Protein chains: 2
Amino acid sequence: MKPTETRHRPAGAGRSPGAAPRRRADAERSITAIVEAAQDCLAEQPQVSMAAIARAAGVGRVTLYAHFPSREVLFEAVIDHAIAKAEPVLDAAAPGDGPAADALCRLLRSSWQVLDRHRRLFEVAQHELGAVRMRERHDQAMARVEQLLHRGRAEGAFRDDLPLAWMVTTVYSLLHAAAADVNAGRLPQDSAAETLIATLLPALRPPR
Amino acid sequence: MKPTETRHRPAGAGRSPGAAPRRRADAERSITAIVEAAQDCLAEQPQVSMAAIARAAGVGRVTLYAHFPSREVLFEAVIDHAIAKAEPVLDAAAPGDGPAADALCRLLRSSWQVLDRHRRLFEVAQHELGAVRMRERHDQAMARVEQLLHRGRAEGAFRDDLPLAWMVTTVYSLLHAAAADVNAGRLPQDSAAETLIATLLPALRPPR
DNA sequence: GCTAACCCGTACATGTCTGTTCGACTTTCG
DNA sequence: CGAAAGTCGAACAGACATGTACGGGTTAGC
């Protein structure tokens with residue numbers, strides 16, 4: 001949720017009588033600075049203070065509150081921002097095209113790329129925000145994998161003897177685990193995606 | 001680390017001059033109540049206040065501080081308590097005996113049983129406590145899996161084309177994921193262990 | 001049954017975080 | 001240029017968590 005509903009209004013448009021006043025360029029700048037700083041801070045420290053976020057954004061604490069009246073509002077903005085940037089990357093993998101196994105490889109590579117930053121954000125938000133809106137967002141990303149796995153099962157490319165939901169969990173769980181291992185230095189950054197794929201494919205393929 | 005070093009002293013033993021005074025039975029009762037309550041609270045809410053823990057233990061906040069002078073001390077006690085209870089269960093699986101694949105199945109079943117409660121505790125403690133002592137404890141449990149995987153690789157039962165550390169991560173990651181899925185109602189409790197094994201074995205076996 | 005150990009509630013000192021207000025200064029934009 | 005929009009630091013109020021101190025009541029253990 002953006003702080004106000006008005007944005008990208010063409011310069012020439014006169015504002016309607018009771019509507020919110022236009023937003024200036026430096027305000028826009030502050031807002032993106034805050035959201036991005038918050039994204040970074042929350043990723044590495046779930047309980048950062050608003051003061052710390054403001055400091056990281058190079059902005060006064062009061063300014064932060066001017067745009068995001070509460071911690072929760074800021075959270076929603078951060079999550080929406082992260083999702084908005086992730087969406088097109090995931091879609092670029094075209095998980096609906098070609099053989100299911102190949103599509104999964106593409107989707108995994110894209111997901112890996114996206115996950116690098118926002119790995120902790122979702123778990124954090126799950127606690128701070130209501131678990132309800134969070135679950136929506138998460139499922140929105142889960143859906144791609146679920147749909148692909150479903151298609152692959154019909155084609156005989158993936159196994160059919162385990163619950164579909166569990167297979168989705170398996171994919172996301174190992175995705176997260178790989179990110180954590182890279183961070184901890186236990187897994188080399190460049191080979192992580194291949195390792196992940198080499199682990200997941202045998203686990204998802206039909207047994208025997 | 002227990003609050004004091006004296007315990008289980010036979011009733012008849014006179015205490016040595018400068019040593020700590022004996023602990024009474026109700027104190028012992030309070031302590032275990034506190035540790036167990038803390039274990040439950042921390043599992044579902046990482047930042048519970050000391051007051052909340054005391055309340056959950058049915059004990060005054062002051063009493064809590066009487067036994068655990070600081071939050072950190074309480075944490076250590078909780079972790080030690082959890083480990084002490086987990087240790088014999090894991091050893092009962094005898095991961096060193098028999099074929100590696102069979103041993104892994106046994107170890108997974110035991111681990112599953114243990115993990116049910118302490119799933120979140122370690123991740124929490126990693127943040128609150130120094131990452132150093134925590135890493136020791138975690139590795140202590142990891143070691144069983146790592147050693148078993150290492151043996152299985154030598155016997156040809158497990159794959160050799162991925163980093164050993166990553167394979168350990170895979171096991172623990174899916175173990176945690178299964179617990180979370182059961183909690184969320186996405187995976188039936190009784191078939192969870194079998195599902196887990198059916199997923200892990202193909203992922204760890206040599207490919208092709 | 002007596003004593004020491006233990007428990008409890010209340011209260012206090014301290015610190016941190018949140019959100020808000022105020023007045024003054026700076027930047028944008030027409 | 002000039003007014004509106006934005007930003008800033010300082011300071012305040014309220015909430016809440018951590019530890020500590022005190023005094024009166026319970027309970028265990030000899």
Side-chain angles (χ1 to χ4, degrees), chain A residues 2-4 6-15 17 19-35 37-38 41-42 45-75 77 124 127-129, chain B residues 3-4 6-15 19-35 37-38 41-42 45-76 124 127-129:
Chain A
K2 280 291 166 57
T4 85
T6 66
R7 47 174 167 176
H8 291 149
R9 178 133 37 135
R15 67 165 189 263
R22 271 226 329 286
R23 198 154 51 197
R24 238 171 51 181
D26 54 349
E28 207 91 33
R29 221 181 308 143
S30 290
I31 289 177
T32 68
I34 290 171
V35 170
C41 290
L42 290 172
Q45 233 248 311
Q47 315 117 302
V48 237
S49 68
M50 300 288 265
I53 294 176
R55 210 179 312 125
V59 105
R61 201 169 65 93
V62 186
T63 302
L64 195 163
Y65 275 105
H67 294 298
F68 305 95
S70 84
R71 187 182 183 83
E72 192 171 327
V73 172
L74 176 58
F75 263 61
V124 171
H127 271 265
E128 297 257 2
L129 219 58
Chain B
T4 83
T6 67
R7 49 174 166 176
H8 292 148
R9 177 136 33 138
R15 66 167 190 262
R22 269 226 330 286
R23 199 156 48 200
R24 242 171 48 180
D26 54 352
E28 206 92 33
R29 219 181 308 144
S30 290
I31 289 178
T32 68
I34 290 170
V35 170
C41 290
L42 290 172
Q45 235 250 312
Q47 313 116 299
V48 237
S49 68
M50 299 288 265
I53 294 176
R55 209 178 315 127
V59 104
R61 201 171 65 94
V62 187
T63 303
L64 195 164
Y65 276 105
H67 294 298
F68 304 96
S70 85
R71 186 181 183 82
E72 192 171 327
V73 172
L74 175 58
F75 263 60
E76 287 197 38
V124 172
H127 271 266
E128 297 256 3
L129 220 59

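Treat the numbers as computed from the prediction; the structure is a model and nothing was measured. A note on names: the letters A, B, ... follow the listed sequences, proteins ahead of strands, and every chain is numbered from 1.
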Visitor: To the side chain of A:Y65, which of D:dG19, D:dT7, C:dT18 is closest?
Guide: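 Selected nucleotide (nearest to the side chain): C:dT18.
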
Visitor: Roughly, in whole Å, what's the span from CD in B:E28 to P in C:dA5?
Guide: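 So the two atoms are 16 Å apart, to the nearest Å.
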
Visitor: Find the distance between CZ (B:R61) and OG (B:S49) and round it off to the nearest 0.5 Å.
Guide: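 Nearest 0.5 Å value for the CZ-OG distance: 8.5 Å.
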
Visitor: Checking contacts here: which listed nucleotide (D:dT20, D:dA11, D:dT7) is nearest the side-chain heavy atoms of A:S30?
Guide: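 Comparing D:dT20, D:dA11, D:dT7 against the side chain of A:S30, the answer is D:dT7.
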
Visitor: Between atom CD1 in B:I31 and atom P in C:dC7, what is the gap in whole Å?
Guide: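 It works out to 8 Å between those atoms.
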
Visitor: Give me the atom names and distance for the closest heavy-atom approach of B:A37 to B:A56.
Guide: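 Closest pair (atom of B:A37, atom of B:A56, distance): CB-C, 3.9 Å.
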
Visitor: Check this for me: does the side-chain of A:R61 come within 3.5 Å of the base of C:dG19 through a donor and an acceptor?
Guide: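 Answer yes: a donor N or O sits under 3.5 Å from an acceptor.
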
Visitor: So, taking the atom named CD1 in A:I53 and the one named CD in A:Q45, what distance separates them when rounded to the nearest 0.5 Å?
Guide: 10.0 Å

Visitor: Mind calculating the distance between CG (A:L64) and P (D:dC8) to the nearest angstrom?
Guide: 10 Å

Visitor: Measure across B:L42 and B:F75 and return the closest heavy-atom pair with its distance rounded to 0.1 Å.
Guide: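 What the structure gives for the nearest pair is CD2-CZ, 3.7 Å.
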
Visitor: Just the dot-bracket of DNA chain D, please: which string comes out with Watson-Crick or G-U pairs under 3.5 Å, [ ] for crossing, | for another strand?
Guide: ||||||||||||.|||||||||||||||||

Visitor: Please give me the minimum heavy-atom distance between B:L64 and B:I34, naming the atom from each residue.
Guide: CA-CD1, 3.8 Å

Visitor: Identify the two heavy atoms, one from B:T32 and one from B:R29, that lie closest to each other, and give their separation to 0.1 Å.
Guide: OG1-O, 3.0 Å

Visitor: Which of residues 48-60 of chain B have a heavy atom under 4.0 Å from DNA chain D?
Guide: B:S49, B:M50

Visitor: On the nucleotide C:dC6, are OP1 or OP2 found under 4.0 Å from the side-chain N or O atoms that B:H67 carries?
Guide: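 For C:dC6, neither OP1 nor OP2 has a side-chain N or O of B:H67 closer than 4.0 Å.
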
Visitor: Within this structure, what is the CZ-to-P distance between A:F75 and C:dT18, rounded to whole angstrom?
Guide: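 The answer, rounded to whole Å, is 10 Å.
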
Visitor: Mind calculating the distance between CZ (A:F68) and P (D:dG6) to the nearest angstrom?
Guide: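 Result: 13 Å.
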
Visitor: Which letter, B, S or -, goes with each nucleotide of nucleotides 23-28 of chain C from 5' to 3', with contact meaning a protein heavy atom under 4.0 Å?
Guide: ----BB

Visitor: To the nearest 0.5 Å, how far apart are CE in B:M50 and OG in B:S70?
Guide: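 One gets 6.5 Å once the value is rounded to the nearest 0.5 Å.
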
Visitor: Do you know which two heavy atoms are closest between A:F68 and A:I31, and how far apart they sit?
Guide: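 Result for this residue pair: CZ-CG2, 3.9 Å.
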
